[in-house]
Amino acid sequence: MMVVFNDITEKEISLKKIKDNEQKLLDSQQQLSLIYNNVKDVIFVISIEADGKFKFLSVNQAFTDITGIQESDVIGKYIDYIIPEPSLTLAVSKYKQAISSKEKITWTETTPYPTGTKIGEVTVTPIFDQYNNCVQLVGSVHDITELKKKNDS
């Protein structure tokens with residue numbers, strides 16, 4: 001008679017740690033998604049393509065609510081497909097300024113969208129990779145349309 005004993009305690013502990021970490025990551029992602037999509041300001045992420053063009057990677061629910069443009073019509077599209085003139089020229093100029101200065105840039109712009117003309121305080125922050133190349137811009141827009149209307153009347 002031969003008895004073979006294989007202690008699997010370490011393996012079970014490791015598997016439990018992996019499962020716990022996966023659950024923590026999932027919980028964290030869900031929490032961030034809730035925050036991202038419940039913030040009242042527009043939040044967006046833009047990639048900087050190899051040809052220097054700007055493409056939408058992500059927009060929050062406020063983007064859809066304020067602009068009237070569906071997320072599925074934005075994600076993966078170049079900004080010139082989404083942002084109308086004259087705001088497009090201003091935005092591209094400010095994006096390039098943020099990239100070259102390596103700093104957050106803020107400006108006010110007035111843009112016509114399907115939901116009407118919106119006035120927003122726009123902020124973009126450049127995101128750099130390990131080689132100091134700007135690879136993304138993270139932006140937000142605080143809609144000040146109603147505030148401007150009140151102040152102008």
Subject >> Val122-Leu90 co-clustered via ILVMFWY side chain contacts under 4.5 Å >> reply: yes
**OP:** Just grab all the ring pair (Phe, Tyr, Trp, His ring centres under 6.0 Å) pairs involving residues 116-149, residues at least two apart or on different chains.
**Re:** none
**OP:** Kindly write out the residues that satisfy salt bridge (Lys or Arg N to Asp or Glu O under 4.0 Å) with Glu146, not counting sequence neighbours, or none if the list is empty.
**Re:** Lys149
Subject >> Nearest heavy-atom neighbours spanning Thr117 and Thr145 >> reply: O-CG2, 3.8 Å
**OP:** Return the set of residues passing side-chain contact (heavy atoms from CB on, under 4.5 Å) with Asp73 (not counting sequence neighbours), or none when no residue passes.
**Re:** Ile69, Gln70
Original post:
Looking at residues at least two apart in the chain, or sitting in another chain, which of them share a side-chain contact (heavy atoms from CB on, under 4.5 Å) with Ser28?
Top reply: Leu32
Original post:
Do any N or O atoms from the side chain of Asp65 and from the backbone of Asn60 form a donor-acceptor pair under 3.5 angstrom?
Top reply: no
Subject >> Selection residues 92-105 - residue pairs positive for side chain to side chain donor-acceptor pair (under 3.5 Å), sequence neighbours left out >> reply: none
**OP:** For Thr123 and Glu121, run side-chain hydrogen bond (donor to acceptor under 3.5 Å, both in side chains): C-alpha distance rounded to whole Å, both residues' side-chain angles, the deciding distance at 0.1 Å, then the answer.
**Re:** CA-CA 7 Å; Thr123 300; Glu121 289 181 349; over 6 Å; no
Subject >> Partners passing side chain to side chain donor-acceptor pair (under 3.5 Å) against Thr111 (at least two apart in sequence or in another chain) >> reply: Ser87, Glu109
Subject >> Val124 to Ala98 - nearest heavy-atom pair and separation >> reply: CG2-CB, 3.9 Å
Original post:
Which residues pass the side-chain contact (heavy atoms from CB on, under 4.5 Å) test with Gln30, sequence neighbours left out?
Top reply: Leu26, Asp27
Original post:
Are Trp107 and Tyr113 connected in a single hydrophobic cluster, I mean Ile/Leu/Val/Met/Phe/Trp/Tyr linked by side-chain heavy atoms less than 4.5 Å apart?
Top reply: yes
Original post:
Looking at residues at least two apart in the chain, or sitting in another chain, which of them share a side-chain contact (heavy atoms from CB on, under 4.5 Å) with Ile48?
Top reply: Phe54, Ile99, Cys134, Leu137
Original post:
About how many Å separate CD1 of Ile46 and NZ of Lys55, when rounded to the nearest 0.5 Å?
Top reply: 12.0 Å
Donor-acceptor pairs under 3.5 angstrom involving side-chain atoms of residues 74-85: please list them, not counting sequence neighbours.
unit_1: Glu85; atom_1: OE1; unit_2: Thr89; atom_2: N; d: 3.2
unit_1: Glu85; atom_1: OE1; unit_2: Thr89; atom_2: OG1; d: 2.8
unit_1: Glu85; atom_1: OE2; unit_2: Thr89; atom_2: OG1; d: 2.9

Original post:
Does any non-hydrogen side-chain atom of Leu88 lie less than 4.5 Å from one of Val92?
Top reply: yes
**OP:** If a pair satisfies salt bridge (Lys or Arg N to Asp or Glu O under 4.0 Å) and one of its residues is in residues 122-132, list it, with sequence neighbours excluded.
**Re:** none
Subject >> Co-members of Leu57 in a cluster of I, L, V, M, F, W and Y side chains, linked at under 4.5 Å >> reply: Val45, Ile127, Val138
Subject >> All ring-ring contact (aromatic ring centres under 6.0 Å, His included) counterparts of Phe44, not counting sequence neighbours >> reply: none
Subject >> Residue pair Ile66 / Lys40: nearest heavy atoms and the distance that separates them >> reply: CD1-O, 3.9 Å
